[in-house]
Amino acid sequence: MNTHIRIDSTTGSRGASVCHECLVRDTSLCSSLDDHELIALSAIGRRRSVPPGQVITWAGDVVTTFANVVSGALKVTASTPDGREQIVGLLFAGDFVGQMFTDEASLTVTALTETALCSFPRAAFERKLGAQPRMERMLLERTMASLDEARERMLSLGRRNAQERVAGFILQLADRSGTPRDGGGIDVSIPMSRGEVADLLGLTIETVSRQLTRLKAAGLITFAKGERDCIVSDPAGLERIANPV
């Protein structure tokens with residue numbers, strides 16, 4: 001692991017306290033656990049701080065750990081036969097990092113922003129999972145949801161035009177990591193470069209920039225500063241563009 005990754009223990013009574021105060025206590029897999037089960041899981045957990053650009057898992061690595069995303073954003077990439085990388089998904093706070101039921105990772109996971117993870121050794125986590133059927137069921141449900149999301153993304157690339165794709169992407173960020181503003185609207189931080197957004201949406205950088213400009217001109221979004229800090233001024237209007245009837 002890169003030496004810039006900071007690791008802190010969350011074991012013992014301190015770990016239980018950290019878990020109860022965790023920002024994703026009610027949205028991650030841990031939400032399926034009662035207090036006693038949470039204390040048992042915290043005994044094997046370690047909090048990790050990961051800087052932007054740091055690879056969490058390389059495709060081809062032996063799977064040795066799993067993690068919950070506590071804060072931040074990560075991208076999931078797959079390699080094409082000609083050696084190029086394709087972004088196939090994003091992970092946000094509350095999401096699970098790791099591929100269960102396989103010995104070797106097939107995807108690369110990289111931090112897009114400063115990211116906090118709660119990491120678990122694979123062997124110990126699988127033992128806990130076997131003893132907690134509610135958590136096992138929730139993990140299965142989330143795995144199925146991820147597959148559905150991947151299918152939906154494939155359909156959207158074929159059915160949606162460029163404006164619909166970009167509007168849908170901004171809505172996804174607003175839903176997963178946005179902060180409601182007093183008086184209306186949603187603050188959204190775009191954790192990716194325009195090139196990465198284009199890669200995810202199957203568009204060119206120029207097309208992404210042009211569509212963002214059109215959404216801004218329509219009064220649906222504004223940019224607070226630079227290209228990353230966005231305000232969704234009209235979520236309903238953006239929804240109508242992303243998912244036309």
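Note on residues 169-185: pairs passing salt bridge (charged side-chain N to carboxylate O under 4.0 Å, His left out), not counting sequence neighbours, are Asp95-Arg176, Arg181-Asp187.
Glu104 places none of its side-chain heavy atoms less than 4.5 Å from the side chain of Asp61. Looking at heavy atoms from C-beta onward, Arg48 lies out of side-chain contact with Thr115 at the 4.5 angstrom threshold. Between Arg228 and Ser193, some side-chain heavy-atom pair lies under the 4.5 Å cut-off. Within the 4.5 Å cutoff, the side chain of Leu112 has heavy atoms near those of the Glu196 side chain. Side chains of Gln99 and Thr102 form a contact here, defined as non-hydrogen atoms less than 4.5 Å apart. In this structure, the side chains of Arg122 and Thr65 stay at 4.5 Å or more apart for every pair of heavy atoms. Here the side chains of Val97 and Val69 are in contact, with some heavy-atom distance below 4.5 Å. You'll find the side chain of Leu107 stays beyond 4.5 Å of the side chain of Thr57, heavy atoms only.
Ser177 contributes a side-chain N or O that, together with a main-chain N or O of Leu173, makes up a donor-acceptor pair within less than 3.5 Å. The backbone N or O of Ala242 sits less than 3.5 Å from a side-chain atom of Arg160, completing a donor-acceptor pair. One N or O on the side chain of Asp199 and one on the backbone of Ile87 form a donor-acceptor pair closer than 3.5 Å. Not a single donor-acceptor pair under 3.5 Å links the side chain of Ser49 to the backbone N or O of Ala116.
We find the OG-NZ distance between Ser42 and Lys128 to be 8.5 Å, quoted to the nearest 0.5 Å. With rounding to the nearest 0.5 Å, the separation of CD1 in Ile241 from CG in Leu215 is 5.5 Å. Between Thr113 atom OG1 and Phe92 atom CZ the span is 9.0 Å, to the nearest 0.5 Å. In this structure, CG on Asn161 lies 11.0 Å from OG1 on Thr207, to the nearest 0.5 angstrom. For the atom pair NZ (Lys216) and CD (Gln211), the distance works out to 15.0 Å, reported to the nearest 0.5 Å. Separating the CG atom in Leu220 from the CG atom in Asp234 is a distance of 5.5 Å, to the nearest 0.5 Å.
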CA sep, side-chain torsions, deciding dist, call: Arg210, Glu206, salt bridge (Lys or Arg N to Asp or Glu O under 4.0 Å): CA-CA 6 Å; Arg210 185 163 55 249; Glu206 294 76 16; over 6 Å; no
Determine, stepwise, if the pair Leu200 / Leu90 fulfils side-chain contact (heavy atoms from CB on, under 4.5 Å). CA-CA 9 Å; Leu200 177 68; Leu90 301 175; 4.1 Å; yes
Determine, step by step, whether Val166 and Leu212 satisfy the side-chain contact (heavy atoms from CB on, under 4.5 Å) criterion, reporting the C-alpha distance in whole Å, the side-chain angles of both residues, the deciding distance to 0.1 Å, and the verdict. CA-CA 7 Å; Val166 173; Leu212 287 172; 3.6 Å; yes
Using side-chain contact (heavy atoms from CB on, under 4.5 Å), reason through Phe169 and Met192 one step at a time and then give a plain yes or no. CA-CA 11 Å; Phe169 170 71; Met192 313 164 71; 3.9 Å; yes
For Leu238 and Ile170, run side-chain contact (heavy atoms from CB on, under 4.5 Å): C-alpha distance rounded to whole Å, both residues' side-chain angles, the deciding distance at 0.1 Å, then the answer. CA-CA 8 Å; Leu238 206 60; Ile170 297 297; 3.6 Å; yes
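By the rule that hydrophobic residues join a cluster once side-chain heavy atoms approach within less than 4.5 Å of another member, Phe96 and Ile44 end up as members of one cluster. A chain of hydrophobic side-chain contacts below 4.5 Å, direct or via other Ile, Leu, Val, Met, Phe, Trp or Tyr residues, connects Val63 to Met100. There is a path of hydrophobic side-chain contacts, each under 4.5 Å, that joins Phe125 to Phe101.
Every residue two or more places apart in sequence or in another chain that forms a side-chain contact (heavy atoms from CB on, under 4.5 Å) with Thr108 is listed here: Val55, Trp58, Ala59, Thr77, Thr110.
Contact between Ala78 and Val88 at its shortest, heavy atoms only, is CB-CG1, 4.1 Å. Residues Cys230 and Ile190 come closest through the heavy atom pair CB-CD1, 4.3 Å. Taking every heavy atom of both residues into account, Asp229 and Ser189 meet most closely at OD1-OG, 4.1 Å. Minimum heavy-atom separation, Glu164 to Pro244: OE2-CG, 3.2 Å. The two residues Arg165 and Gly202 make their nearest non-hydrogen contact at NH1-O, 3.3 Å. Of all heavy-atom pairs between Pro51 and Glu114, the closest is CA-OE1, 3.6 Å.
Between the side chains of Ser209 and Arg194, at least one donor N or O sits under 3.5 Å from an acceptor N or O. For the residue pair Thr80 / Glu85, no side-chain donor-acceptor distance below 3.5 Å is found, with atom types taken as modelled.
Residues Phe120 and Phe66 keep their aromatic ring centres 6.0 Å or farther apart.
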